[in-house]
Asks: 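I have a structure here, written as structure tokens, and I will follow up with some questions on it.
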Amino acid sequence: MSRAKDQAHYSYTAYADPAMARTFEEKRFGGPIGEYVAATQARVLANMVGRIQGRSILDVGTGTGRAALLMARGGADVTAVDASEQMLDVARRRAAEERAQIRFERGDAHALQFRDMEFDVVICLRVLMHAPDWRRCVSELCRVAERLVIFDYPATASVAAVESISRRAAHALGARTEAYRVLSDSAIRQALDASGYRLRSVHRQFVLPIALHKLVGSRRFTIRVEDLLDRLGLLKRFGSPVTIVAERCAP
């Protein structure tokens with residue numbers, strides 16, 4: 001895909017909308033289920049990173065800065081990049097309100113402007129599902145990380161696959177929608193292998209679609225139902241989105 005076509009991709013145009021940037025946090029993390037998702041994401045990231053204090057961390061596709069702020073609160077030396085200046089404006093404002101020291105830069109996950117192994121840890125959330133070339137993004141994440149990469153993706157073996165198909169069909173017909181892709185666990189492992197990384201641990205979020213949980217709007221319902229599905233063995237097989245942490249293999 002050419003650079004010009006890349007920039008015309010919905011993943012660039014949608015997030016360049018100031019209205020999208022202003023409302024992103026509330027739409028994604030508002031309400032009881034959004035707050036539950038945010039708390040779970042924070043816990044999972046902290047567990048996967050391990051020691052945060054003093055580490056150099058890059059947040060790729062930082063959006064409104066949620067992961068970057070989490071790491072900065074823990075005492076990390078944080079750099080955060082995003083292709084959308086509109087999203088970065090919101091992230092900078094949030095960081096200023098918390099007096100968090102974060103370097104925000106405009107950048108593209110397909111071509112990160114950093115040295116090889118410049119950061120201890122690289123985090124990338126909600127990017128691969130939208131990126132024009134997700135494999136190139138994984139390669140770049142692995143290149144600039146010295147030790148760990150953490151990213152997420154909607155799984156092929158999940159109900160997200162149904163929504164992905166419907167959105168991509170609507171997008172092909174001219175509708176304005178985020179026509180995200182789903183990815184298989186095997187494709188992810190192959191991409192990591194190609195960059196010299198191995199999977200360390202995996203977290204799967206929900207079996208049922210998050211849209212259903214938000215429609216019900218009950219944290220208690222979500223916890224109880226998803227716990228039951230987990231005990232039935234369905235979360236391990238069909239849970240999504242999947243968040244993984246992978247480590248660089250010894251040479």
Side-chain angles (χ1 to χ4, degrees), residues 11 37 40-63 66-68 70-72 74 76-83 107-158 160-161 180-206 230 235-251:
S11 60
V37 168
T40 300
Q41 183 185 88
R43 174 178 55 81
V44 170
L45 280 179
N47 288 341
M48 287 183 167
V49 172
R51 177 180 59 82
I52 297 175
Q53 178 74 38
R55 301 189 82 171
S56 60
I57 296 179
L58 174 66
D59 182 21
V60 178
T62 191
R66 178 169 288 273
L70 174 68
M71 295 297 109
D77 179 15
V78 183
T79 302
V81 301
D82 201 279
D108 193 320
H110 297 83
L112 296 169
Q113 301 301 302
F114 302 107
R115 300 185 308 274
D116 294 358
M117 296 190 288
E118 185 166 343
F119 301 92
D120 293 335
V121 182
V122 176
I123 297 170
C124 184
L125 302 178
R126 286 182 58 82
V127 172
L128 301 186
M129 62 191 287
H130 298 302
D133 186 344
W134 72 268
R135 287 183 177 85
R136 182 163 42 147
C137 293
V138 170
S139 177
E140 280 291 274
L141 301 178
C142 293
R143 179 183 66 80
V144 302
E146 182 176 11
R147 183 156 177 255
L148 300 177
V149 293
I150 299 169
F151 58 78
D152 63 358
Y153 60 94
T156 301
S158 72
Y180 70 85
R181 68 167 61 80
V182 291
L183 297 169
S184 70
D185 297 342
S186 61
I188 292 295
R189 285 194 297 270
Q190 289 170 9
L192 290 169
D193 287 344
S195 291
Y197 276 72
R198 63 186 172 201
L199 200 63
R200 176 194 272 186
S201 67
V202 175
H203 175 268
R204 298 177 184 273
Q205 189 171 56
F206 293 140
D230 185 13
L235 182 65
K236 186 175 181 179
R237 294 185 61 187
F238 304 116
S240 185
V242 182
T243 304
I244 69 100
V245 56
E247 60 186 352
R248 183 180 290 274
C249 299

Asks: For a 4.5 angstrom cut-off between non-hydrogen side-chain atoms, does Phe114 reach Thr79?
Replies: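 Sidechains of Thr79 and Phe114: in contact.
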Asks: Measure the spacing between CG of Asp82 and CG of Asp108 and express it to the nearest 0.5 Å.
Replies: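 Going from the CG atom of Asp82 to the CG atom of Asp108 covers 9.5 Å.
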Asks: Can you check whether Met71 reaches Val49 side chain to side chain, under 4.5 Å on heavy atoms?
Replies: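 Of all side-chain heavy-atom pairs linking Val49 with Met71, at least one is under 4.5 Å.
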Asks: When you measure from the side chain of Ser195 to the backbone N and O of Tyr197, does any donor-acceptor pair fall under 3.5 Å?
Replies: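 Checked: no pair found.
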Asks: What is the minimum heavy-atom distance between Ile123 and Ala67, and which atoms define it?
Replies: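 In this case the closest contact between Ile123 and Ala67 is CG2-CB, 4.4 Å.
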Asks: Below 4.5 Å, heavy atoms only, C-beta onward: do Cys124 and Val149 meet side chain to side chain?
Replies: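 Contact flag for Cys124/Val149 side chains = no.
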Asks: Between CD of Gln41 and CZ of Arg43, what distance do you get to the nearest 0.5 Å?
Replies: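 Between atom CD of Gln41 and atom CZ of Arg43 there are 11.0 Å.
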Asks: Using a 3.5 Å distance criterion without hydrogens, assess whether the side chain of Gln53 forms a donor-acceptor pair with backbone atoms of Arg51.
Replies: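 No, Gln53 side chain to Arg51 backbone: no donor-acceptor pair under 3.5 Å.
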Asks: Rounded to the nearest 0.5 Å, what separation is found between the CD atom of Glu140 and the NE2 atom of His110?
Replies: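 Glu140 CD to His110 NE2: 9.5 Å, rounded to 0.5 Å.
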Asks: Can you confirm whether Ile244 sits close enough to Phe151 that some side-chain heavy atom of one is under 4.5 Å from a side-chain heavy atom of the other?
Replies: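 Counting from C-beta outward, Ile244 and Phe151 do come under 4.5 Å.
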Asks: Indicate the atoms forming the closest heavy-atom contact of Cys142 with Leu192, along with that distance.
Replies: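 Scanning both residues, the minimum pair turns out to be SG-CD2, 4.1 Å.
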Asks: Report yes if some heavy atom in the side chain of Leu125 is under 4.5 Å from a heavy atom in the side chain of Leu45; otherwise report no.
Replies: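 With C-beta onward as the side chain, the pair touches.
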Asks: Look only at the side chain of Arg189 and the backbone of Leu199, and say whether a donor-acceptor pair between them is shorter than 3.5 Å.
Replies: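 A pair under 3.5 Å: no.
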Asks: With a 4.5 Å cut-off on side-chain heavy atoms, are Trp134 and Ile188 touching?
Replies: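 Heavy-atom side-chain distance check passes, below 4.5 Å.
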Asks: Keeping the roles fixed (side chain from Tyr180, backbone from Arg126), state whether a donor-acceptor pair exists under 3.5 Å.
Replies: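 Here the side-chain-to-backbone pair does not exist.
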Asks: Check for a donor-acceptor pair, side chain of Thr62 on one end and backbone N or O of Val81 on the other, with a separation under 3.5 Å.
Replies: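 Checking the backbone N and O of Val81 against the side chain of Thr62, no donor-acceptor pair under 3.5 Å is found.
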Asks: Hey, is Arg204 close enough to Asp185 for a salt bridge, meaning N to O under 4.0 Å?
Replies: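 Asp185 and Arg204: salt-bridged.
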Asks: In the structure I gave you, are the side-chain heavy atoms of Met48 and Leu148 within less than 4.5 Å of one another anywhere?
Replies: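 Not touching, per the 4.5 Å side-chain cut-off.
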Asks: Considering non-hydrogen atoms only, spot the tightest contact between Arg200 and Glu247 and give its length.
Replies: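 Minimum heavy-atom contact is NH2-OE1, 3.0 Å.
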Asks: Is the side chain of Ser56 donor-acceptor paired with the backbone N or O of Asp120 at a distance under 3.5 Å, no angle test?
Replies: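 Such a contact is found between Ser56 side chain and Asp120 backbone.
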Asks: Do Arg135 side-chain atoms and Ala187 backbone N/O form a donor-acceptor pair below 3.5 Å?
Replies: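 Not at all, since once roles are kept as given, no pair shorter than 3.5 Å links the two residues.
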Asks: From Arg115 CZ over to Arg143 CZ, what is the distance, rounded to the nearest 0.5 angstrom?
Replies: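 Atom-to-atom, Arg115:CZ and Arg143:CZ are 10.5 Å apart.
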Asks: For the backbone of Leu128 and the side chain of Arg181, can you confirm whether one donor and one acceptor N or O come within less than 3.5 Å of each other?
Replies: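 Indeed, once roles are kept as given, a pair shorter than 3.5 Å links the two residues.
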Asks: Atom CG of Leu183 and atom OG of Ser158: how far apart are they, to the nearest 0.5 Å?
Replies: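 If we round to the nearest 0.5 Å, Leu183:CG and Ser158:OG are 10.5 Å apart.
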Asks: Would you mind reporting whether His203 and Thr40 have side-chain heavy atoms less than 4.5 Å apart?
Replies: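 Touching, per the 4.5 Å side-chain cut-off.
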Asks: For a side-chain contact (heavy atoms from CB on, under 4.5 Å) with Ile150, tell me which candidate from Val245, Ile57, Val44 qualifies.
Replies: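 With Ile150 as partner, side-chain contact (heavy atoms from CB on, under 4.5 Å) holds for just one option, Val245.
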Asks: Would the distance check show the side chain of Ser240 and the main-chain N or O of Ala155 forming a donor-acceptor pair, the cut-off being under 3.5 Å?
Replies: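 Yes, Ser240 side chain to Ala155 backbone: donor-acceptor pair under 3.5 Å.
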Asks: Backbone N or O of Gly50 within a donor-acceptor pair of the Arg55 side chain at under 3.5 Å?
Replies: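 No, because the side chain of Arg55 does not come within donor-acceptor range (under 3.5 Å) of the backbone of Gly50.
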Asks: Please name the pair of heavy atoms, one in Ala109 and one in Val60, separated by the smallest distance, quoted to 0.1 Å.
Replies: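 For Ala109 and Val60, the tightest heavy-atom pair comes out as CB-CG1, 3.6 Å.
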